[in-house]
Amino acid sequence: MDGCLFCKIVCGEIPSAKVFEDEVSYAFRDINPQAPVHILIVPKKHIDSCAVLDGADEALVGRIFTNIAKIAKDEGLDKGFRVISNSGDDAGQTVHHLHFHILAGKNMGEGLVP
Ligand code: AMP
Ligand code: ZN
């Protein structure tokens, strides 16, 4: 989608620190990490957020979660990791291309919302 930051990252127009790629998804390191390990995984096709997912995207989202498991294994995240997807203003979504944050490398405790 024109003007979308993560579409530009997926096509290589904007550089990123790639972690993983397959036909449908791309993972890269967050530019402003909020944990010692902070990776983003995005679908290669533009989807605004979780809020607009429908049945046609079920296989894609399933694949992304399988890829998250692979990335966690490759990164050695055996002590655990957290997956977050912000959708909409109240959640603090700043980039309107569906993405999943993979956070790890410190004990994040039990609370989900600061
Ligand atoms: P969200 O606030 O959930 O929409 O997350 C967007 C994330 O994208 C933030 O954690 C940003 O630090 C990250 N981000 C923004 N620009 C870039 C970039 N050029 N490369 C990597 N991560 C980025
Ligand atoms: Zn996009």
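For ligands, and for the atoms within them, numbers begin at 1 and follow the listed sequence.
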Any side-chain heavy atom of Gln93 sitting closer than 4.5 Å to one from Ser49? yes

Can you confirm whether Ser16 sits close enough to Tyr26 that some side-chain heavy atom of one is under 4.5 Å from a side-chain heavy atom of the other? yes

Distance-only N or O hit between ligand 1 and Gln34, under 3.5 Å: no

To which protein heavy atom is atom 16 (N) of ligand 1 closest, and what is the distance rounded to 0.1 Å? Leu5 CD2, 3.3 Å

Straight-line distance of Lys8 NZ to Glu13 CD, nearest 0.5 Å: 5.5 Å

Out of all atoms in ligand 1, which are within 4.0 Å of some heavy atom of Phe28? Include the element for each. 21 (C), 22 (N)

Does any N/O atom on Gln93 come nearer than 3.5 Å to any N/O atom on ligand 1? no

Give the numbers and elements of all ligand 1 atoms closer than 4.0 Å to a heavy atom of Arg29. 21 (C)

Which ligand 1 atoms, with their elements, are less than 4.0 angstrom from a heavy-atom of Leu40? 8 (O), 13 (C), 22 (N)

For Thr94, the ligand 1 atoms whose distance to one of its heavy atoms is below 4.0 Å: 1 (P), 2 (O), 4 (O), 5 (O), 6 (C)

Tell me, do Lys45 and Leu60 make a side-chain contact under 4.5 Å, heavy atoms counted? yes

For ligand 1, which part of Phe100 has a heavy atom less than 4.0 Å away: the side chain, the backbone, both, or neither? neither

Nearest protein heavy-atom contact for atom 12 (O) of ligand 1: which residue, which atom, what distance? Asp30 OD1, 2.5 Å

Under a 4.0 Å heavy-atom limit, does His101 contact ligand 1 with its side chain, its backbone, both, or neither? side chain

Can you find a pair of side-chain heavy atoms, one from Asn86 and one from His101, that are under 4.5 Å apart? yes

Using the test side chain to side chain contact (heavy atoms under 4.5 Å, CB included), find all partners of Glu75 that sit at least two apart in sequence or belong to another chain. Val19, Arg29, Val37, Ile39, Ile71, Leu77

Centroid-to-centroid, Phe65 to Phe100, below 6.0 Å? yes

Can you tell me if Gly92 has a non-hydrogen atom under 4.0 Å from ligand 1? yes

If you take the nearest heavy atom of each of Asn86, Asn32, Ile9, Ile31, which one is closest to atom 14 (N) of ligand 1? Ile31

Atom 5 (O) of ligand 1 has as its nearest protein heavy atom His99 NE2, 3.0 Å

Looking only at heavy atoms of His96, does any of them come nearer than 4.0 Å to an atom of ligand 1? no

With side chains defined as the heavy atoms from C-beta onward, is the minimum distance between Phe6 and Ile14 less than 4.5 Å? no

Please tell me if the side chains of Ile68 and Ile41 come closer than 4.5 Å, counting only heavy atoms from C-beta onward. yes

Does Lys44 reach the main-chain N or O of Glu21 with its side chain, forming a donor-acceptor pair under 3.5 Å? no

To the nearest 0.5 Å, what is the distance between SG on Cys50 and CG on Leu98? 5.0 Å

Any side-chain heavy-atom pair from His97 and Asp48 closer than 4.5 angstrom? no

Ignoring waters, protein N/O/S atoms under 2.8 Å from the Zn ion (ligand 2) are Cys4 SG, Cys7 SG, His46 ND1, His97 ND1

Inter-residue atom distance Gln34.CD - Lys106.NZ, 0.5 Å rounding: 8.5 Å

Heavy atom of the protein closest to atom 8 (O) of ligand 1 (residue, atom name, distance): Phe6 CZ, 3.4 Å

